[in-house]
Peer 1: 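So that we are looking at the same thing, I have put the structure below in structure tokens.
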Number of protein chains: 2
Amino acid sequence: MVKRKKFATIKDVADASGFSINTVSRALSGRGYVKKETKEKILRVAAELGYTRDCTASALRTRKTHLIGVVVVDNTNPFYAEVIKGIELEARNYGYTILLVNTDRNYENEEKAINTLLQRRVDGLIITAVQTRIDDILRLVHQGIPNVVIGARFENIPTNYVCSDDERGGYIAMKYLLDTGHKNVLFLNAQKYKYAARVREQGMRKALNEYELTLENKVEFGVIYSNEGFENAYETFQMFLQKTKKDFKYDAIICYNDIFAYAVIKLLKEHGLKIPEELSVVGFDDISFSSIIEPPLTTVATDKIRLGREAFKSLIKNIETGSISQIILPVELIIRNSTKNRSNGNP
Amino acid sequence: MVKRKKFATIKDVADASGFSINTVSRALSGRGYVKKETKEKILRVAAELGYTRDCTASALRTRKTHLIGVVVVDNTNPFYAEVIKGIELEARNYGYTILLVNTDRNYENEEKAINTLLQRRVDGLIITAVQTRIDDILRLVHQGIPNVVIGARFENIPTNYVCSDDERGGYIAMKYLLDTGHKNVLFLNAQKYKYAARVREQGMRKALNEYELTLENKVEFGVIYSNEGFENAYETFQMFLQKTKKDFKYDAIICYNDIFAYAVIKLLKEHGLKIPEELSVVGFDDISFSSIIEPPLTTVATDKIRLGREAFKSLIKNIETGSISQIILPVELIIRNSTKNRSNGNP
DNA sequence: TTGAAAGCGCTAACAT
DNA sequence: ATGTTAGCGCTTTCAA
């Protein structure tokens, strides 16, 4: 086995170049005055020795690690994967590196994750919270540790968040279904402790209210709640189908996210129901598979990469200036083939 | 804005508890002798002060960061996402945290990533290499820096790797198609600089050779090469279809991975070709969407989470004992509905 | 069982 | 323009 060589230090560079440790430090970091030739020589010697600065040492001294913690429910979920990508991309631009920890949708893991990241003295944290409890995040805010929450809003707390305009998302999804003549809409929602779950439903009800005010038309709206993940959604919807059986009357199903929609589509196919002929399906998020699934999914899209980038920029701003930013990104309805117009002639 | 409080140090705990810095250190780290009551008191005081150990400081002293660098082509790719998950899971078990960097399939980025991670003094690196060049990895090996490569083998170099049994993967995919009566097989491969691309093709040729030795049956085998990603595969295959047009005679297409297979399926559908009635499609990897796509995809599966876990364990072993491990994980053919038996009566 | 002191590699304040 | 020195928070001899 090749023995791991010790890294050269600035002291080694100092000795080899004949300058003092301090001069070397200034030459390498670019801070402070160094004569041009001196700097050149030092850089040359450093390169010869294969010098690589030791971040652990400078972090100790400067109290800045240029590390940020990213706490995520599950990096495998395409939504979070893209968010992570956005964060990582922007972080790299700014000379930061990300520490990634999964919580597997478990609040205790989230707490532990935050603690280890704090021990590692990350300069800040970006968190997609489990949301069953939020004490850990409140603690961060309380302690003045820079952090940004993605995908949830805490209205009364002065903290950074970045999320999509979920209310509008719910609104435009429902409005579209109403405009295209749907009369019985089911919302397969996530559990209500999730911010987005509550707010998307609100948006849908808002669209319903407006609609029913305008026309004298009756529209049925049902909501059921499922835990996250394909399997859970599949099971929940399956049980719902079994229970309602012949009473099942919906002509449209909105799903909390695209994964839920895939589960719904799969089940509807298994029951021989044709999409969109008999039933429309709408998702949320527009993850990449939604355009290639059968049928291509109509869905409320957000720019997930941007969500990540904005989160990082918001964090950096908070770290550097202490300012708080609360960002809501726009959503957009992508109409594909899982929905169809059922209005008979009317616009 | 809440001002960020300075973290309490062991010195603070020492002052507050009346013991020396050293005793506190031993009490908190659990190394060395401390009287039971002393320890209890110290732990209590530490808790009161909200003490959290500073990893940057202990890393500097002990030369161990308990950080490992994970360099990945694209964390958004479902295959790598699962691998990352496996790494992170195992790392967390062992008290390590992962630094994640994407290379976006760019060798220069890979080099940069490795450099920043070395500056951060990670204890080791896990790399899914771009593979257009491998100088950076050779350098790591040369310098004796613990590292594990995922998904590629360097036969002549004493270094750790973990990969799937790609040759066997190619072999069983092809064998299955031959056994089920396919006579014209096309392999939509990735570029040949990729280890898996070369070896999977080898496995297929091996199956072909065996087959043609046994029976006197002629089988056509064509290979085309595409860059990675859905769009690239789509384009490559589209151009191939245009070029061959009416000469297109294949009754089976094996794809380098499931993403390629999705592109192929999409195109075949657009051309009105029925899968599996007219044409079988086989993928590689078995990413999670492959079971819910239409038709559900026959594919060569590996345990991606395990790939990640093994990679981490291999790394840790290398860090702790210096031993080299080269691991090849088994593959398995998952038969779904994108393929069908075309043999007329024969077994 | 506990404490004193040195030092990991770097930066920053001050001196020259 | 360069050097001296102290110290970030921790661990690790070594001594008491």
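Since the model is a prediction, treat every value here as computed from it, not as a measurement.
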Peer 1: If you measure from the Lys or Arg side-chain nitrogens to the Asp or Glu carboxylate oxygens, is any gap between A/Asp12 and A/Lys6 under 4.0 Å?
Peer 2: no
Peer 1: Just the table, please: protein N/O against nucleotides 13-16 of chain C N/O, every pair under 3.5 Å.
Peer 2:
residue: C/dA13; atom: N6; partner: A/Asn22; partner atom: ND2; Å: 2.6

Peer 1: Without decimals, in angstroms, what is the distance between A/Lys41 NZ and D/dT2 C1'?
Peer 2: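 So the two atoms are 14 Å apart, to the nearest Å.
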Peer 1: Under 3.5 Å, side-chain donor or acceptor atoms of residues 40-52 of chain B against the rest of the protein: list the pairs with distances, not counting sequence neighbours.
Peer 2:
none

Peer 1: Hey, which of these two, B/Val34 or A/Ile21, hits DNA chain C nearer its 5' end, going by closest nucleotide?
Peer 2: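 On the 5' side of the pair lies B/Val34.
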Peer 1: Between B/Ile316 and B/Glu90, is there a side-chain heavy-atom distance shorter than 4.5 Å?
Peer 2: no
Peer 1: How close or far is atom P of D/dT2 from atom NZ of A/Lys36, stated in whole angstroms?
Peer 2: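 So the two atoms are 13 Å apart, to the nearest Å.
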Peer 1: Measuring to OP1 and OP2 of D/dT2, would you say a side-chain N or O of A/Thr38 lies under 4.0 angstrom away?
Peer 2: yes
Peer 1: For the residue pair B/Asp303 and B/Leu329, establish whether any side-chain heavy-atom pair is separated by less than 4.5 Å.
Peer 2: no
Peer 1: Should the ring pair B/His66 and B/Tyr96 be called parallel, tilted or perpendicular, given that the plane angle runs from 0 to 90° and is split at 30 and 60?
Peer 2: tilted
Peer 1: Taking 4.0 angstrom as the limit, do B/Lys11 and B/Asp15 come out as a salt bridge?
Peer 2: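 Here B/Lys11 pairs with B/Asp15 in a salt bridge, since their nearest N and O are under 4.0 Å apart.
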Peer 1: When the distance from CZ of A/Phe19 to P of D/dT4 is rounded to whole Å, what number comes out?
Peer 2: 13 Å
Peer 1: How close or far is atom C1' of C/dA12 from atom CG of A/Leu28, stated in whole angstroms?
Peer 2: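 It is 16 Å, rounded to the nearest whole Å.
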Peer 1: Does the side chain of A/Phe312 come within less than 4.5 Å of A/Asn93's, by heavy atoms?
Peer 2: no
Peer 1: Taking 4.0 Å as the cut-off, does a side-chain nitrogen or oxygen of A/Thr23 come that near to OP1 or OP2 on D/dG3?
Peer 2: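 For A/Thr23, the contact criterion (side-chain N or O under 4.0 Å from OP1 or OP2 of D/dG3) is met.
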Peer 1: Using atom NZ of B/Lys11 as one end and atom P of C/dA4 as the other, report the distance to the nearest whole Å.
Peer 2: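 For the pair B/Lys11 NZ and C/dA4 P, the rounded distance is 12 Å.
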Peer 1: Output yes when a side-chain donor or acceptor of A/Arg92 lies under 3.5 Å from a complementary backbone atom of B/Asn102, and no otherwise.
Peer 2: yes
Peer 1: Examine D/dC8: is either OP1 or OP2 under 4.0 Å from a nitrogen or oxygen in the side chain of B/Lys6? Give yes or no.
Peer 2: no
Peer 1: May I ask you to list the residues of residues 51-63 of chain A, by number, that have any heavy atom positioned under 4.0 Å from an atom of DNA chain D?
Peer 2: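 By residue number: A/Leu60, A/Arg61, A/Arg63.
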Peer 1: Looking at B/Thr128, B/Asp104, B/Ile150, which hits side chain to side chain contact (heavy atoms under 4.5 Å, CB included) with B/Val72?
Peer 2: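 Of the listed options, the one satisfying the test is B/Thr128.
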Peer 1: Is any side-chain N or O of B/Ser25 closer than 4.0 Å to OP1 or OP2 of D/dC10?
Peer 2: no
Peer 1: If you check the B/Thr9 side chain, which of C/dC10, D/dG9, C/dT2 turns out closest?
Peer 2: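 When the side chain of B/Thr9 is considered, D/dG9 is the closest of C/dC10, D/dG9, C/dT2.
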Peer 1: D/dG3 C1' sits how many Å from A/Lys35 NZ, rounded?
Peer 2: 15 Å
Peer 1: Can you measure B/Lys39 atom NZ to C/dT2 atom P for me and round it to whole angstrom units?
Peer 2: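 Between P of C/dT2 and NZ of B/Lys39: 12 Å.
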Peer 1: CZ of A/Arg31 versus C1' of C/dC10: gap in Å, rounded?
Peer 2: 10 Å
